[in-house]
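Take a look at the structure below.
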2 protein chains.
Amino acid sequence: MSKFEASNTDLTKNQNLVMGALSQANGPLSAYTILDELREHGFRAPLQVYRALDKLVELGLVHRLESLNAFVACQHSSCGGDKRENVLFAICETCGKVQELVDERLLDTVKNLAENEDFSLSKSVIELRGKCGSCQPS
Amino acid sequence: MSKFEASNTDLTKNQNLVMGALSQANGPLSAYTILDELREHGFRAPLQVYRALDKLVELGLVHRLESLNAFVACQHSSCGGDKRENVLFAICETCGKVQELVDERLLDTVKNLAENEDFSLSKSVIELRGKCGSCQPS
DNA sequence: GCAATGATGTAATATAATAACATCACATTT
DNA sequence: AAATGTGATGTTATTATATTACATCATTGC
């Protein structure tokens with residue numbers, strides 16, 4: 001059971017609609033793309049989308065991609081528990097698909113670096129850009 | 001001699017003005033902030049700023065901070081040579097200052113991870129958020 | 001001179017995000 | 001039932017960020 005399904009009933013109508021749109025998409029969506037998709041369901045203003053997104057991000061069901069100004073549904077089940085967003089993303093510049101990754105070694109390295117620099121880390125934004133396996137010349 | 005000074009004469013008038021604004025600032029600036037600062041020098045439209053920024057980023061003299069939609073002057077002299085942006089940023093959420101870092105170990109870890117995931121890396125966006133040394137409770 | 005190229009100027013538009021304020025739904029208390 | 005509090009919604013307007021399209025100017029090479 002996915003986190004979405006698990007907490008499905010806890011979400012409000014708008015949150016559910018936005019979560020549904022992101023879950024069905026096979027890549028990240030911008031807030032305005034979501035708005036357009038949900039117009040048939042009664043959405044009329046950006047704020048309806050942004051408010052839902054804020055909550056979904058807070059719950060760990062959705063992640064924001066800073067380098068795309070877009071949002072993706074969380075692809076695994078361990079995000080909600082941790083306060084810090086311990087995930088990173090591999091964004092294919094060819095097909096647009098995004099893979100969500102967790103890598104303890106990378107996170108440790110980041111934490112270590114922050115400590116060495118006397119920087120008190122609250123969150124790390126790590127977004128890799130390049131070509132995914134399917135989009136590379138074979 | 002900084003890279004800015006070194007290539008100063010190669011830059012066009014607008015590029016020089018934008019570079020100057022960023023060099024004087026003690027933190028990142030948005031394109032529109034730069035525009036406002038340069039109005040007295042004849043700037044009138046966003047595009048004048050964006051065009052200069054594009055070139056400066058390409059030259060490695062300026063970096064774009066994806067999570068802030070803002071730009072900073074490069075803080076060291078090794079950026080221009082490398083095609084991939086092998087730098088990361090520690091962004092203080094209290095004072096707004098940004099520290100530009102190079103960390104071979106972190107970069108290796110990233111490259112390694114990308115390889116394991118069959119992801120052909122073109123660029124990595126790494127932006128740490130938190131509190132810098134000066135802003136932490138002592 | 002004249003074409004090619006790159007830089008610039010300007011207006012308009014597209015895209016992303018928030019502010020401000022009114023209303024609604026529902027639970028709690030009295 | 002009435003009053004109240006709270007969180008979710010709806011709506012309009014505005015602010016912030018970035019790009020498109022097109023005209024003009026400067027420099028270089030022929």
Side-chain angles (χ1 to χ4, degrees), chain A residues 7-22 25 27-59 61-72 89 91 93 96 98 125 127 129, chain B residues 7-22 25 27-59 61-72 89 91 93 96 98 125 127 129:
Chain A
S7 58
N8 205 345
T9 53
D10 302 335
L11 300 177
T12 68
K13 179 169 149 263
N14 285 1
Q15 288 159 15
N16 254 303
L17 285 167
V18 169
M19 192 65 217
L22 282 171
L29 299 179
S30 78
Y32 280 73
T33 302
I34 296 172
L35 175 57
D36 286 338
E37 287 192 11
L38 294 181
R39 282 193 193 280
E40 50 187 305
H41 293 282
F43 272 50
R44 336 223 39 228
L47 203 49
Q48 295 176 293
V49 178
Y50 282 109
R51 284 203 274 233
L53 285 172
D54 283 351
K55 192 67 179 188
L56 294 170
V57 167
E58 189 187 320
L59 293 173
L61 293 170
V62 166
H63 300 295
R64 179 192 164 89
L65 300 173
E66 300 288 345
S67 66
L68 292 180
N69 292 334
F71 301 83
V72 279
F89 303 92
I91 302 171
E93 290 170 326
V98 171
V125 173
E127 301 179 6
R129 314 293 300 253
Chain B
S7 60
N8 206 344
T9 54
D10 303 334
L11 299 177
T12 67
K13 180 169 149 260
N14 285 1
Q15 287 159 15
N16 253 303
L17 286 166
V18 169
M19 191 66 218
L22 282 171
L29 299 179
S30 78
Y32 279 75
T33 302
I34 296 172
L35 174 57
D36 285 338
E37 288 193 11
L38 294 182
R39 282 193 194 280
E40 49 186 306
H41 294 281
F43 272 49
R44 337 225 34 228
L47 200 49
Q48 297 177 291
V49 177
Y50 281 110
R51 285 203 273 232
L53 284 172
D54 283 350
K55 192 67 180 186
L56 294 169
V57 167
E58 189 188 320
L59 293 171
L61 293 169
V62 166
H63 300 294
R64 180 191 163 92
L65 300 173
E66 300 289 346
S67 66
L68 292 180
N69 291 334
F71 301 83
V72 279
F89 304 92
I91 302 171
E93 290 170 326
V98 171
V125 173
E127 300 179 7
R129 313 293 301 252

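These numbers come from a predicted model, not from an experiment. Heavy atoms only: backbone and side chains are in, while hydrogens, waters and symmetry mates are out. Within every chain, numbering begins at 1; the chains are lettered A, B, ... in the order of the sequence lines, protein sequences first and strands thereafter.
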task = Nearest whole angstrom, please: distance from the P of C:dA7 to the CZ of B:Phe43.
result = 14 Å

query = Which heavy-atom pair separates B:Leu56 from B:Gln15 by the least distance, and what is that distance?
reply = CD1-O, 3.8 Å

task = Starting from P on C:dG9, measure out to OH on B:Tyr50 and report it in whole angstrom.
result = 17 Å

Least distance between heavy atoms, A:Gly27 atom then A:Val72 atom = C-CG1, 4.2 Å

Heavy-atom closest contact (B:Leu65 atom, B:Pro28 atom, distance) = CD1-CB, 3.8 Å

inquiry  = Whole angstroms only, please: what is the CG-C1' distance between A:Leu35 and C:dT18?
reply    = 15 Å

message = Can you measure A:Gln15 atom CD to D:dA8 atom C1' for me and round it to whole angstrom units?
response = 8 Å

query = In whole angstrom, what separates B:Arg39's CZ from C:dT10's P?
reply = 12 Å

A:Ala45 side chain, from C-beta outward: closest of D:dT9, D:dA18, D:dT11 = D:dT11

ask   = A:Ser30 has a side chain; which of D:dA18, C:dA16, C:dG9 sits nearest to it?
value = C:dA16

message = Does C:dA17 have OP1 or OP2 under 4.0 Å away from a side-chain N or O of A:Arg64?
response = yes

key: Donor/acceptor link under 3.5 angstrom from A:Arg51 side chain onto base of D:dG10   = yes

key: Phosphate-side-chain proximity, A:Asn14 and D:dG10, N/O vs OP1/OP2 below 4.0 Å   = yes

ask   = Counting only side-chain N and O atoms of A:Asn69, is one of them less than 4.0 Å from OP1 or OP2 of C:dT15?
value = no

query = Taking the side chain of A:Pro46 as heavy atoms from C-beta outward, which of D:dT17, C:dA16, C:dT18 is closest to it?
reply = C:dT18

query = Once you round it to whole Å, what is the distance between C1' of D:dA8 and CG of A:Leu56?
reply = 13 Å

ask   = Taking the side chain of B:Thr12 as its heavy atoms from C-beta onward, which of C:dA7, D:dT19, C:dG9 lies nearest to it?
value = C:dA7

ask   = Of the nucleotides C:dA19, D:dT17, C:dT8, which one has an atom closest to the side chain of A:Leu47?
value = C:dA19

task = Check if the side chain of A:Tyr32 and the base of C:dA14 share a donor-acceptor pair of N or O atoms closer than 3.5 Å.
result = no

key: Heavy-atom pair of closest approach, residues B:Ala31 and B:Leu53   = CB-CD1, 4.1 Å

query = Base, sugar-phosphate, or nothing for B:Arg44, non-hydrogen atoms under 4.0 angstrom?
reply = sugar-phosphate

query = Whole-Å distance between D:dG7 P and A:Asp10 CG?
reply = 16 Å

ask   = Would one find a side-chain N or O of B:Gln48 under 4.0 angstrom from OP1 or OP2 of C:dG9?
value = yes

request  = To the nearest Å, give me how far apart CD1 (B:Ile34) and C1' (D:dT17) are.
outcome  = 12 Å

ask   = Aromatic ring centroids of B:Phe71 and B:His63 under 6.0 Å?
value = no

